[in-house]
K.L.:
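Below are the structure tokens for one structure; questions will follow.
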Amino acid sequence: MIEIKNLTKSFGDLLVWEDVSLTINDGETIAIIGRSGCGKSVLLKHINALLVPDSGEVLIDGKNIFDQDYVDQRKMRQKFGVLFQGSALFDSINTFENVAFPLRYFTNQSEEEIRDNVMQSLQYVNLEEAADKETSELSGGMRKRVGLARAIVLKPEYIMYDEPTSGLDPKTADEINELINGMADALDITSIVVTHDMHSVLEVADKVAFLDQQKLSWFGSVNEMKSSDHEELLSFIKASEYQII
Amino acid sequence: MKNEAKIGITVLLAILVAIVGFRFMRDVPIFRQTLEVSAVFDRGDGINRGSLVNLKGVKVGSVSRVNLTPDNRVRVTMQLNEDLRIPVNSEAHLTSLGIVEGKSIVLHLGDSENIVQYGGEIEGVYIEGVTEVLGSKGEELAGDVSASLSQLNQFLQQLNKTLDDDTRQSVDQTLKNADSAMQTIAETLEKNKQDIDQAISSASRTMMQLDTLATDNRPRVDSLLASLEENVNELHKVRTELETASVNLNQILEKINSGEGTMGRLVNDPSLYENLDQLSKEMNELVKGINEDPGRYLKHMSIIEIF
Amino acid sequence: MHYLNELGKYSSLLYQALRSSTEFSTYRKNLFQELVKIGYDSVPIIMLTGVFTGSVMTLQSAYQLQSAFIPISTIGAITSESILIELAAVISSLVLAGKVGARVATELGTMRVSEQIDALESMGFNSVSFLVVPRVLAGILMFPVLYIVASVFGIGGGVAAGFFSGQVPPADFLQGARMYFYPWNVIFGFTKMIVFGYIITSVACYKGYFARGGAEGVGKSTTDATVLGCILVLLADFVLAALLL
């Protein structure tokens, strides 16, 4: 369980958001939505302590991740798999090695076991045939999927998606949405999806957190969202729907 | 090639090159053993590590260490080619090969049967270089020169004082007077020559008249003759004496005329006088010059003091 | 104030690097890679630099010492001593600030803006130990090796230039070089190179690690790393000369 309590962050004089509180229960899929530049990705990076807040805490299974020393913090980070916006594949090594990367450093697995685990991960994302390709040869959608395979190879409890469908064609975006759903069901994983793609939200999310005007403007289930009368949320959804059509 | 291998090769080669280069720069033979020989000198000016060791103009090694011995002499340790055979009574001369070259060690082989062993010692001789000799002797030399110069200076000053204008003029006058005196003597002698000739010929005529007179007045003459005879005899003597005197005089005059002897030269050679005149003028100028600017003459001399 | 901030950020990064330098298993592989990239791969350009430095030095001192009263071996002495004490270290370092510094800053900058550093952190890596430590360490270890290369090729180039131009016979050159060869100069050159290696790599890591804002940000960090590296090398050269000579 992830509990975000009274989190405030600013870069210099620029306030990103303040007093954000949010609870994510195990097994849920939460979508964090909002306009570009509202600090969705920044919030995501606080959950696994890639960024440090001005105030507030993030409790992972009851422990504040910012209170841990660096070694313990890194151990807690390994509970998370992260799919970054640009996939963040290491471009000096090929697809297989990208997925195998965490295994080589954080487990004592033999080459056999590594191979099995990597192929299993690639199988989840339907990319077994791309194992020997260089990362530069991969298309945008394939890169996302390789990033996802790498994110799950250490079998994390939580998985965080930063704009998983941005920059993809609708068909590929749908495939990614299916993967997110499949991953949550098959691995019984808690997912946090940062997106501004309402289609994706409706496909994958159980709950929705709406960041607007430098605060957590609205938080509730997808069904509640559909019947909500929150003005900014409605206008955001409306704008998105027009985009989809 | 694996990364580890590349690093290994790079580092290994670098270390190898560094060691070889280091030994090379310190002129220690890179792989060979050397013959270490030392020599003790009174002083070690200009010699340091890396200085060359020559044998008959060929480089056979280099100096590896220079240090003071407990008795304040200088021990120079050399690394020589290992196959060099140096008799024990050889000498090492610390010398310079040229004026501008640095110092180096030159080996002079002895004739002993015994060969110097590793770490052995041979006789060291310190040869003073040109510059050093000049350096040490220079001071004496400079002292001497400057003493001489000041003496010369004094002399010239005194000379200057003595030869003030009046004196110089009188010297001049004296020389001129001497000249005119010579001329007067010559003229007088020229005139007298005619007079003497006349005197001789008139004496001769008087003799002949006397002879005629004597024959005419025989009896008177006889007595007269008797008395005269004595006179004539005496006259005869006088005549011969006069004759010889006249010949001698002639000879003298002839010699003077032809320029023989001091008097002749004085009379006949005008350049002598001219030289004397010139000399006196130049002396005059020199003295005046030194008087006016003694530094100009001394400055050129002072170059010598540089040494 | 701005510079104090920068200095503080730099110092804390280096402190973090120092603290995590014990995690040898994390950066072992990267260290070898960097040793090759900084050391082995730089050998050709350092050879070239050395040869030209030495030959130019020889020709110019030969030109300046055209006098009957100066032994010709003086040219060798001047050239070899300048190379050992100054040129082999400083010229090489300026070249390496361009080659190594720019590459390191670009690599780290790209990893930063493409979120690869975040990806590493989120996997539980210590990104400083993984990226910064091996690069700085490789710089410290390999720069002295490159100093040897530069010195040897510098003096070699000097001998060659003297020989081919007909101005200095090799025997005279080497006699002069040996006459004024002091081991302390070599130790001094070594010390300088260790310091320069540290400066160039650490500055490049700092600039790259904190790069911001896409391709332009990476470009800026690269330029900054090169320029700042060169300036600091010259400054350190002065300080070391004042301290150690």
Side-chain angles (χ1 to χ4, degrees), chain A residues 11-12 41-42 44-52 65 68-93 97-108 135-136 143 146-148 150-154 156 158-163, chain C residues 1-2 5-6 9 12-13 15-34 36-37 103-104 106-135 209-215 217-218:
Chain A
F11 289 116
S41 300
V42 173
L44 199 68
K45 285 180 180 174
H46 279 81
I47 295 175
N48 65 351
L50 290 181
L51 291 174
V52 179
I65 192 165
Q68 313 297 315
D69 67 27
Y70 190 53
V71 177
D72 289 338
Q73 203 174 57
R74 276 151 54 198
K75 275 185 194 144
M76 285 172 81
R77 278 177 184 166
Q78 289 186 346
K79 293 182 176 179
F80 294 88
V82 184
L83 173 59
F84 286 92
Q85 198 167 351
S87 308
L89 299 181
F90 303 125
D91 37 27
S92 55
I93 50 183
E97 287 302 321
N98 257 290
V99 181
F101 195 80
L103 293 175
R104 292 202 190 283
Y105 280 96
F106 295 113
T107 64
N108 293 320
T135 53
S136 54
R143 290 177 73 89
V146 173
L148 190 53
R150 188 179 66 184
I152 60 169
V153 78
L154 278 178
Y158 311 94
I159 187 158
M160 303 200 283
Y161 304 88
D162 190 359
E163 307 274 9
Chain C
M1 199 59 211
H2 172 69
N5 274 342
E6 295 265 309
K9 254 163 95 180
S12 67
L13 179 73
Y15 170 68
Q16 221 178 318
L18 191 69
R19 217 179 47 172
S20 49
S21 60
T22 50
E23 301 175 29
F24 183 69
S25 59
T26 315
Y27 63 79
R28 193 191 69 88
K29 206 172 149 219
N30 280 8
L31 177 63
F32 283 120
Q33 228 167 52
E34 288 303 321
V36 168
K37 282 184 182 171
R103 176 186 64 81
V104 167
T106 312
E107 259 177 19
L108 264 59
T110 309
M111 290 186 82
R112 167 59 76 192
V113 300
S114 69
E115 296 184 301
Q116 290 179 48
I117 290 179
D118 284 338
L120 282 172
E121 284 283 337
S122 71
M123 282 176 200
F125 275 100
N126 177 350
S127 62
V128 172
S129 138
F130 193 76
L131 297 172
V132 176
V133 174
R135 283 168 173 77
Y209 193 83
F210 292 113
R212 227 192 281 175
V218 176

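Letters A, B, ... mirror the listed sequences (proteins, then strands); counts begin at 1. The figures here come from the full heavy-atom set of this structure, side chains too, leaving out hydrogens, waters and symmetry mates.
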K.L.:
Check whether C:Gln116 reaches the backbone of A:Ala88 with its side chain - one donor and one acceptor, N or O, closer than 3.5 Å.
P.N.:
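Looks like no, no N/O pair under 3.5 Å.
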K.L.:
Could you check which of C:Asn126, C:Leu120, C:Asp118, C:Ile117 has the highest count of heavy-atom pairs closer than 4.5 Å to chain A?
P.N.:
C:Asn126
K.L.:
Does any heavy atom of chain C fall under 4.5 Å from the side chain of A:Leu89, the backbone, both, or neither of them?
P.N.:
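Contact with chain C: backbone only.
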K.L.:
With only heavy atoms counted, which part of C:Glu23 is less than 4.5 Å from chain A, the side chain, the backbone, both or neither?
P.N.:
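Interface part for C:Glu23: side chain.
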K.L.:
Ignoring hydrogens and angles, state whether a donor on the side chain of C:Ser127 or C:Tyr209 is under 3.5 Å from an acceptor on the partner side chain.
P.N.:
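Judged by distance alone, the side chains do pair up.
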K.L.:
Determine whether the side chains of A:Ser41 and A:Asp162 contain a donor N or O and an acceptor N or O closer than 3.5 Å.
P.N.:
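A:Asp162 and A:Ser41 do have a side-chain donor-acceptor pair below 3.5 Å.
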K.L.:
Compare every heavy atom of A:Val153 with every heavy atom of A:Pro102, then report the nearest pair and how far apart it is.
P.N.:
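Where A:Pro102 meets A:Val153 most closely, the heavy atoms are CG-CG1, 3.9 Å.
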K.L.:
Charged N to carboxylate O below 4.0 Å: is that the case for C:Glu121 and A:Lys45?
P.N.:
no
K.L.:
Can you tell which part of C:Ser122 gets under 4.5 Å to a heavy atom of chain A, answering side chain, backbone, both or neither?
P.N.:
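Both backbone and side chain.
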K.L.:
At their closest point, which heavy atom of C:Phe130 faces which heavy atom of C:Pro134, and how far apart are they?
P.N.:
O-CG, 3.2 Å
K.L.:
What part of A:Lys79 is in contact with chain C, defined as an atom under 4.5 angstrom from a non-hydrogen atom: side chain, backbone, both or neither?
P.N.:
neither
K.L.:
Side chain, backbone, both or neither: which part of C:Thr26 has an atom under 4.5 Å from a heavy atom of chain A?
P.N.:
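For C:Thr26, the backbone is the part near chain A, not the side chain.
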K.L.:
Let's test your reading of the structure: which of A:Arg150, A:Met76, A:Lys75 forms the most heavy-atom pairs below 4.5 Å with chain C?
P.N.:
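Counting heavy-atom pairs under 4.5 Å, the top option is A:Arg150.
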K.L.:
Should the pair A:Phe90 and A:Phe101 be assigned to parallel (<30°), tilted (30 to 60°) or perpendicular (>60°) ring geometry?
P.N.:
tilted
K.L.:
Let me know if A:Gln73 has heavy atoms under 4.5 Å from chain C in its side chain, its backbone, both or neither.
P.N.:
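Nothing of A:Gln73, per the 4.5 Å heavy-atom cut-off to chain C.
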K.L.:
Contact part of C:Gln33 toward chain A, heavy-atom cut-off under 4.5 Å: side chain, backbone, both or neither?
P.N.:
neither
